[in-house]
Protein chains: 2
Amino acid sequence: MGIIRKTPSIEVLLTEFTRNGTAISAIELVKRLDGKLNKTTVYRVLDKLEDDGILHSFLDKKGIKWYAKCNSCTHDKHFDSHPHFQCLNCGKVDCVTVDVSIPKIPNREIVISQILIQGTCENCIN
Amino acid sequence: MGIIRKTPSIEVLLTEFTRNGTAISAIELVKRLDGKLNKTTVYRVLDKLEDDGILHSFLDKKGIKWYAKCNSCTHDKHFDSHPHFQCLNCGKVDCVTVDVSIPKIPNREIVISQILIQGTCENCIN
DNA sequence: AAATTTATTGCAATTAAGTTGCATTAACAA
DNA sequence: TTGTTAATGCAACTTAATTGCAATAAATTT
Ligand SMILES: [Mn+2]
Ligand SMILES: [Mn+2]
Ligand SMILES: [Zn+2]
Ligand SMILES: [Zn+2]
């Protein structure tokens with residue numbers, strides 16, 4: 001079940017994502033909004049925004065949950081299946097638009113695949 | 001630091017991996033060896049076996065840690081970078097030998113990439 | 001505008017995978 | 001056989017995330 005009522009919490013969280021385009025981890029948002037929004041609220045609103053196709057989520061190498069804006073998803077058509085890039089130096093994570101083709105595997109039906117690329121980001125490369 | 005002394009714990013854990021070729025999650029091993037090996041021991045031995053290039057690890061979609069036998073890794077040359085396939089029906093996870101090429105990303109240096117493919121496995125496809 | 005409904009929130013407690021500290025045990029070299 | 005210290009078991013801890021529940025507040029109805 002997604003969002004039904006427009007509340008300040010939703011506004012506050014969405015603002016964080018429009019500020020800049022990079023992904024933000026759930027814990028980071030909890031810290032960043034401490035005193036403003038309760039931890040539970042943060043997790044619950046993020047979950048609903050994902051349900052509605054406004055955000056998409058993924059786990060980084062440590063199993064930490066990250067969220068980022070969807071491009072053109074809806075509740076029915078939730079299709080943000082692209083790689084994510086995490087900088088090993090500064091920790092920044094963002095969505096990558098490159099297309100990675102997963103070859104067919106014999107006797108297996110592929111439904112979805114997630115790709116986490118790690119390396120040095122554009123700010124840390126020099 | 002890897003394994004220094006040959007102990008029954010190491011033997012017991014390695015046996016689980018030689019039984020069949022699929023990956024096994026750490027929690028599954030803790031459960032499976034309950035009463036035989038302590039939880040902490042399981043985690044610690046797995047960690048050491050990975051250090052030595054005997055096992056490699058990765059996280060599934062829920063952030064759960066899985067381990068599988070390495071093919072030809074050593075302590076120095078630890079290079080098991082291949083996709084993993086998790087069945088959405090039965091939960092089984094195994095290593096996949098297909099080669100997925102990650103295209104270069106502008107201004108970013110790729111160090112490593114991990115690919116988790118999800119779908120229906122060869123046992124569950126019918 | 002007031003009353004009603006119920007989605008949303010905050011708070012405290014809980015869960016669960018994984019880790020740490022420390023005393024005890026045992027591999028193995030001397 | 002003895003001494004060194006790696007490995008183990010146990011309890012306590014850590015931490016991201018979840019749950020139950022009472023209080024609050026959107027939004028719909030009267
Ligand atoms: Mn993304
Ligand atoms: Mn593997
Ligand atoms: Zn960076
Ligand atoms: Zn299966």
Side-chain angles (χ1 to χ4, degrees), chain A residues 1-17 23-68 75 84 86 91 93 114 116, chain B residues 1-17 23-68 75 84 86 91 93 114 116:
Chain A
M1 196 183 52
I3 287 163
I4 296 173
R5 295 178 184 174
K6 281 263 166 64
T7 64
S9 308
I10 295 159
E11 199 77 0
V12 166
L13 270 165
L14 280 178
T15 307
E16 293 299 319
F17 285 97
I24 317 174
S25 72
I27 358 169
E28 166 63 22
L29 285 165
V30 168
K31 278 187 214 141
R32 202 183 285 184
L33 302 172
D34 185 43
K36 208 170 186 182
L37 259 68
N38 182 268
K39 178 176 68 167
T40 313
T41 306
V42 172
Y43 278 105
R44 284 195 280 225
V45 172
L46 288 172
D47 190 56
K48 284 176 183 174
L49 288 170
E50 185 172 25
D51 265 8
D52 290 344
I54 296 161
L55 299 179
H56 63 275
S57 73
F58 54 93
L59 303 185
D60 72 3
K61 200 173 186 183
K62 288 178 181 170
I64 297 293
K65 204 165 193 179
W66 291 70
Y67 286 86
H75 172 64
H84 292 99
Q86 181 161 39
V93 176
Q114 47 220 286
L116 181 68
Chain B
M1 194 185 50
I3 287 164
I4 295 173
R5 296 179 182 174
K6 282 262 167 63
T7 64
S9 307
I10 295 160
E11 199 77 0
V12 166
L13 270 164
L14 280 179
T15 306
E16 293 300 318
F17 286 97
I24 317 173
S25 71
I27 358 168
E28 165 64 21
L29 284 166
V30 169
K31 279 187 211 138
R32 201 184 285 184
L33 301 172
D34 184 45
K36 209 171 185 179
L37 257 68
N38 183 267
K39 179 175 68 166
T40 312
T41 306
V42 171
Y43 279 105
R44 282 196 279 226
V45 171
L46 288 172
D47 190 55
K48 284 177 185 176
L49 287 169
E50 185 171 25
D51 265 7
D52 290 344
I54 296 162
L55 300 178
H56 63 275
S57 73
F58 54 94
L59 302 186
D60 72 4
K61 200 172 185 182
K62 290 178 180 169
I64 297 292
K65 203 164 192 181
W66 290 71
Y67 285 87
H75 172 63
H84 292 99
Q86 182 163 39
V93 176
Q114 47 220 285
L116 181 68

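The sequence lines fix the lettering, A, B, ..., with proteins before strands; numbering per chain opens at 1. Quick caveat: nothing in here was measured; it's all calculated off a predicted structure. Basis for what follows: all heavy atoms, side chains included, without hydrogens, waters or symmetry-related copies.
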K.L.:
Produce a footprint string for nucleotides 12-23 of chain D: one letter per nucleotide, 5' end first; B if the base is under 4.0 Å from any protein heavy atom, S if only the sugar-phosphate is, - if neither.
P.N.:
----SBBBB---
K.L.:
Taking only residues two or more places apart in sequence, or in another chain, which ones meet Asn38(B) in a side-chain hydrogen bond (donor to acceptor under 3.5 Å, both in side chains)?
P.N.:
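For Asn38(B), the residues satisfying side-chain hydrogen bond (donor to acceptor under 3.5 Å, both in side chains) (neighbours in sequence not counted) are Thr40(B).
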K.L.:
Can you give me the closest heavy-atom contact between Ser9(B) and Val45(B), atom names plus distance?
P.N.:
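Closest approach of Ser9(B) to Val45(B), heavy atoms only: CB-CG2, 4.2 Å.
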K.L.:
Rounding to an integer number of Å, can you tell me how far Asp51(A) CG sits from dT8(C) C1'?
P.N.:
15 Å
K.L.:
Looking across every strand, which nucleic acid part, if any, lies under 4.0 Å from Val45(B) by heavy atom: base, sugar-phosphate, or nothing?
P.N.:
sugar-phosphate
K.L.:
Could you state the CG-C1' distance from Leu46(A) to dT8(C), rounded to the nearest angstrom?
P.N.:
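That distance rounds to 15 Å.
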K.L.:
Working to the nearest 0.5 angstrom, can you tell me the gap between Asp52(A) CG and Ile4(A) CD1?
P.N.:
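Result: 9.0 Å between the selected atoms.
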K.L.:
How many Å lie between CD on Glu11(B) and C1' on dT8(D), as a whole number?
P.N.:
17 Å
K.L.:
Identify, with sequence neighbours excluded, every residue that meets side-chain contact (heavy atoms from CB on, under 4.5 Å) alongside Lys6(B).
P.N.:
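By the side-chain contact (heavy atoms from CB on, under 4.5 Å) rule, Lys6(B) matches no residue at all.
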K.L.:
Distance check needed: dT9(C) C1' versus Leu13(A) CG, whole Å only.
P.N.:
13 Å
K.L.:
What is the distance, to the nearest angstrom, from the CG atom on Leu37(B) to the P atom on dG18(C)?
P.N.:
16 Å
K.L.:
Within the 4.0 Å heavy-atom criterion, would you say Lys48(A) contacts the bases, only the backbone, or no part of the nucleic acid?
P.N.:
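The residue Lys48(A) makes sugar-phosphate contact but no base contact.
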K.L.:
What residues, two or more places apart in sequence or in another chain, satisfy salt bridge (charged side-chain N to carboxylate O under 4.0 Å, His left out) together with Arg44(B)?
P.N.:
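Once residues adjacent in sequence are excluded, Arg44(B) has no partner under the salt bridge (charged side-chain N to carboxylate O under 4.0 Å, His left out) criterion.
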K.L.:
Not counting sequence neighbours, which residues clear side-chain hydrogen bond (donor to acceptor under 3.5 Å, both in side chains) with Arg32(A)? List them please.
P.N.:
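Partners of Arg32(A) under the side-chain hydrogen bond (donor to acceptor under 3.5 Å, both in side chains) test: Glu16(A), Glu28(A).
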K.L.:
Whole-Å distance between dT8(C) P and Leu49(A) CG?
P.N.:
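Spelled out: CG on Leu49(A) to P on dT8(C) is 11 Å.
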K.L.:
What is the separation between atom CG on Asn38(B) and atom P on dT24(C), rounded to the nearest whole Å?
P.N.:
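The answer, rounded to whole Å, is 16 Å.
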K.L.:
Rounded to the nearest 0.5 Å, what's the gap from CG on Leu37(A) to CD1 on Ile10(A)? Could you check?
P.N.:
10.0 Å
K.L.:
Pick out the pairs of N or O atoms, protein on one side and nucleotides 28-30 of chain C on the other, that lie under 3.5 Å.
P.N.:
{"residue": "dC28(C)", "atom": "OP1", "partner": "Lys6(B)", "partner atom": "N", "Å": "2.9"}

K.L.:
Return the minimal non-hydrogen interatomic distance between Asp60(A) and Leu59(B), and the atom names on each side.
P.N.:
O-CD1, 4.2 Å
K.L.:
Check whether any side-chain N or O of His56(A) sits under 3.5 Å from a backbone N or O of Ala68(A) as a donor-acceptor pair, and report yes or no.
P.N.:
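Pair found, side chain donor or acceptor close to backbone of Ala68(A).
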K.L.:
Using whole Å, report how far CG of Asp47(A) lies from P of dT9(C).
P.N.:
12 Å
